[in-house]
Amino acid sequence: MPANNLHRLPDQLRANLRLVFVGTAASTRSAAVGHYYAHPGNRFWRALHEAGITPRRYRPDEFAALLELGIGFTDLSKTGAGMDHEIARGSSDVAGFRAKIKRHRPKTIAFTSKKAASLFYGRPTSAVVLGRQARMNGFPDVFVLPSPSGAASGHWTLQPWRELAQWIAGP
């Protein structure tokens, strides 16, 4: 399917969310069906529940319901779709993403891959570490999570997701 026929995923954002998940771009499957993390091999929805971020395991077609839990979604590229290496370099809009975050002011953001975080920080993925990041003045707390994509199985660990769950639960 040509990339220009794919539907981009709408942002799921509102003011003062407790958490916003940020991907690089929609997968081909997610773009085709219009749901975040929709590929059957993606661990995202299972990880959310197993880490304790959601009270039950949601399905990809229920992504909008997470707004009720204070959880939102966006991607750095709203026009690209596919695996990270298939996304055109120029399609990521870091400045636009920063503006969205400044406007909506979530408490925490979580990049769902080191690639997304590397685009945000302007550093190679090898220089990005998983977990909570150093505080940036005037910006929400930032976590970097291992990609839940089936293509990233060799790097999978649930531990950073559990740390995120503890962080957003508070003291």
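As the structure is a prediction and not an experimental result, all values here were calculated from the model.
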Could you tell me whether the side chain of [Y] reaches within less than 4.5 Å of the side chain of [X], counting heavy atoms only?
X	Y	value
Thr112	Ser147	no
Phe120	Ser92	no
Leu145	Leu130	no
Leu19	Leu164	yes
Leu66	Gln12	no
Pro106	Asn16	no

Closest heavy-atom pair and its distance - [X], [Y]:
X	Y	value
Pro140	Arg135	C-NH1, 3.4 Å
Arg123	Ser118	O-CB, 2.8 Å
Ser113	Ala116	OG-N, 3.0 Å
Val144	Val129	CB-O, 3.6 Å
Thr125	Lys115	CG2-CA, 3.6 Å
Tyr37	Pro60	O-CG, 3.7 Å

Please say whether the positively charged group of [X], taken as NZ for Lys or CZ for Arg, lies over the ring of [Y], i.e. under 6.0 angstrom from the six-membered ring centre and within 45 degrees of the axis.
X	Y	answer
Arg132	Trp167	yes
Arg98	Phe139	yes
Arg56	Tyr58	yes

Short question: side chain of [X], backbone of [Y] - any donor-acceptor pair under 3.5 Å?
X	Y	value
His49	Thr54	yes
Thr108	Asp141	no
Gln133	Gly131	yes
His39	Gly41	yes

Item checked: Phe44 and Phe21: CA distance, side-chain angles, deciding distance, ring-ring contact (aromatic ring centres under 6.0 Å, His included) verdict -> CA-CA 10 Å; Phe44 180 84; Phe21 286 103; 5.0 Å; yes
[X] side, atom [atom1]; [Y] side, atom [atom2] - distance, nearest 0.5 Å:
X	Y	atom1	atom2	answer
Lys102	His104	NZ	NE2	13.5 Å
Leu69	Arg18	CG	CZ	6.0 Å
Phe97	Lys78	CZ	NZ	11.0 Å
Thr24	Leu76	OG1	CG	6.5 Å
Gln166	Ile168	CD	CD1	10.5 Å
Glu62	Trp45	CD	CH2	8.0 Å

Next item on the list: Evaluate the side chain to side chain contact (heavy atoms under 4.5 Å, CB included) criterion for residues Val22 and Asp75: first the C-alpha distance (whole Å), next the side-chain angles of each, then the deciding distance (0.1 Å), finally the verdict.
Entry: CA-CA 5 Å; Val22 184; Asp75 292 303; 6.0 Å; no
Notebook entry, point to check: Would you say the side-chain atoms of Thr74 and Asp11 include a donor-acceptor pair closer than 3.5 Å?
Noted result: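 There is such a pair (donor and acceptor under 3.5 Å, judged by atom type) between the side chains of Thr74 and Asp11.
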Notebook entry, point to check: In terms of ring plane angle, is the pair Tyr36 and Phe73 parallel, tilted or perpendicular, where the classes change at 30° and 60°?
Noted result: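 The arrangement is parallel - the two ring planes meet at less than 30°.
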Notebook entry, point to check: Step by step, would you call Phe111 with Val128 a side chain to side chain contact (heavy atoms under 4.5 Å, CB included)?
Noted result: CA-CA 11 Å; Phe111 290 104; Val128 176; over 6 Å; no
